Amino acid sequence: MSEWTQLWLNYERVRNDIKSVNITFSGFSEDNRVVGSMIDELRRGMYGLLGAEVSFGENGAGSSDTLKIEIKKNVAVKAEGYRISCKNSTVSVEAGDENGALYGTYHLLRLVNFGKLSDGCEVNSSPDNPLRMMNHWDNMDGSIERGYSGRSFFYVNNEIVVDDRTRDYARFMASIGINGVVINNVNVKDAASYLITDRYFGRLKELSDVFGDYGIKMYLSLNFASPIELGGMDNCDPLNEEVIKWWDDKCKEVFEALPNLGGFLVKADSEGRPGPFTYGRTQADGANMLADAVKPYGKLIIWRCFVYNCTQDWRDTKTDRARAGYDYFKDLDGKYKDNVILQIKNGPMDFQIREPVSPLLGGLTKTNQMLEVQIAQEYTGQQIDLCYLIPLFREVLDFKTYCQKEKDTVADVISGRAFGNKNCGIAAVINTGNDKNWTGNDMAAANLYGFGRLAYDMSLSAEEIAREWVSQTFRIDKNDEDLIVDMLLRSREIYEKYTCPLGIGWMVTPNTHYGPSVDGYEYSRWGTYHRADHLGLGVDRSSNGTGYAQQYYPENAEKFNDPDKCPQELLLFFHHISYDHRLKDGRTLIQYIYDTHFDGEAEAEKIAENWNILEGKIPEESFLRVKNRFERQIYNAKEWRDQVNSYFYRKSGIKDEKGRKIYE
Ligand code: GCV
């Protein structure tokens, strides 16, 4: 029994009628490292799920209780895709490459797990996104920025750790189709700056080899000021010849030592990080200089668009952080090298429970784009409160940008379907740590699993993914499975109800970002992000206000610009609305705020009660861990309810029509 759980790779016995499994390969070499991982997983999975002996290679006809599996190379299958079919108790898994065969193997194990492997079954699958990545915000001292599941399992005291846990991590990632992992925080400081020196190459090579065994490329976050910090230079101007030469030499050294490194992720000119702006250069100047340096090795520069001035003075009503990404990047569309990808957060702000989709997604048409989401629940309950994020990600992917007549959703843009890009995809800020259960709250593993599955197959619904996760993770009957699925599916709405109303966001405790503080957010020190006064609440981002709504294509701009057409859930993001304004259902804004906060808290109590039904049906440790989180969630929900209601009661002077308790 290892010190950590196996998450959804829970290979407990599901049937007993198959006594042996015989596996053959054609077109794939058993010496290949990814095939080696496949063999290990099949042995482990088939033994666990079926209790069957597993043999490899031709061994005669076999008996009626033998399951035959043929893993075959078929170049007609799309890159990293697979086909599974089952006839006469013989299963065939076809793939064009090793990654596809590995993903097909994991899918086959899922079918066995779900009891869905039977004659006639057919699966045809290939990834929608070329790049499917996890971004770790792990620091080398072992802390994790915005980590809620313990400490890093990659680093202890500035040293890199490679052990059995690393291998299990790589297995989990491959099982959901992840093919890239950034192993260090985008805020590259202290020892992390030295990751691109020979001090760390040995361990990094070991780590990247473990990833390589599972078809995963390793990436590093980069410090843009490395020529200064490591090279002793007096600047890091991307157009300076000596700086360019320094990077060329550095990349040669790094990629010769680490051939399985896919490239670099860069946060520049944001929240204190260095970047090209210091030298009067553009973001494209910075990204292209690095892109040239990595190009001889066929590598990528992933450049983040989370660039904004966190010290903006919000007393000026035209100031708007939401505008920043588009303002900095739109005019440079088409000016980036082919091996640059711009990584864009799903919203224009920062992973709030509700934001509009960033206008950069699809706003750029000539530049490689990648979507960034956050499954570390920084603003969405910190893996204490239950918040299943797949419905939110689905909304983002399905958003029609109107960038062209057809194939214009965010999913079309990031997958390359819209503009034919090859370097594109989706990344998540991950929610793992060295806690026994990996994600702090056992239920938060649904977001980890769900992100990977959705990144691979963007046609999956939030409910399908929730069901897959529950039925692999727990061995429970259909009613109990329904109960957990229902909790997951309702959780985002509940969290939204007791926290920030109608897209306004941000009313969080400064720095920690957990719990309410209506005026508190650290970067609102020059005035509030929500702009509440005694008459109303919300930020006017229409053409009369900051003009942010105009950053969208006309169809969306028109809708967001007009308070009568704006989707209600985003009303306060786009408009300053008076407390007595009547919403579509006839309620006033202030009454809506009171109602949702009372309802949200009550609904959180209800799902917490439902959890108790599972006592004795799932492992006790999991049950108790989640129960404890629910208790803390209820406490948090009450705090939010009371602070938000009191704040707006004091501001507006309007009483709750239903006479419920609001602290004065
Ligand atoms: C890694 C927010 C978070 C920071 C994070 C930053 C980013 O501001 O609070 O912790 O830094 O986003 O995405 O770069």
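Since this is a predicted model, take the numbers as computed values, not measurements. Just follow the structure's listing: the first ligand is 1, and inside any ligand the first atom is 1.
Checked by distance only, ligand 1 and N185 stay at 3.5 Å or farther apart across all their nitrogen or oxygen atoms. On a distance-only criterion, N187 and ligand 1 share at least one N/O pair closer than 3.5 Å.
Y449 is listed as a side-chain neighbour of I465, based on a closest heavy-atom distance under 4.5 Å.
Side chain to side chain, E372 and Q343 meet the donor-acceptor criterion of an N or O pair below 3.5 Å.
Ranking protein heavy atoms by distance to atom 9 (O) of ligand 1, first place goes to E378 OE2, 2.5 Å. Counting only heavy atoms of the protein, atom 4 (C) of ligand 1 lies nearest to E145 OE2, 3.3 Å.
N139 is linked by a side-chain hydrogen bond (donor to acceptor under 3.5 Å, both in side chains) to S143, N185, counting only residues two or more places apart in sequence or in another chain.
Contacts of W137 with ligand 1, taken as heavy-atom pairs under 4.0 Å, involve the side chain alone. Only the side chain of D350 comes within 4.0 Å of ligand 1, judged by heavy-atom distances.
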Working note: Y521 + H513, criterion ring-ring contact (aromatic ring centres under 6.0 Å, His included); need CA distance, chi angles, decisive distance, verdict. CA-CA 8 Å; Y521 177 61; H513 302 168; 5.6 Å; yes
Using the rule given for side chain to side chain donor-acceptor pair (under 3.5 Å), can you reason through Y514 versus D385, listing the C-alpha separation, both sets of side-chain angles and the distance that settles it, and then say yes or no? CA-CA 10 Å; Y514 185 74; D385 302 28; 2.5 Å; yes
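Close approach to K267 involves these atoms of ligand 1, each under 4.0 Å from a residue heavy atom: 6 (C), 7 (C), 11 (O), 14 (O). Close approach of ligand 1 to V186 (heavy-atom distance below 4.0 Å) involves ligand atoms 1 (C), 14 (O). Those atoms of ligand 1 that come under 4.0 Å of a heavy atom in R146, given as number and element, are 3 (C), 4 (C), 9 (O), 10 (O).
For the salt bridge (Lys or Arg N to Asp or Glu O under 4.0 Å) condition, the pairs that include at least one residue of residues 133-149, sequence neighbours left out, are R146-E378.
In this structure, Q374 does not count as a contact residue of ligand 1, since none of its heavy atoms falls inside 4.0 Å of the ligand.
Aromatic pair W506/Y523: centroids not less than 6.0 angstrom apart.
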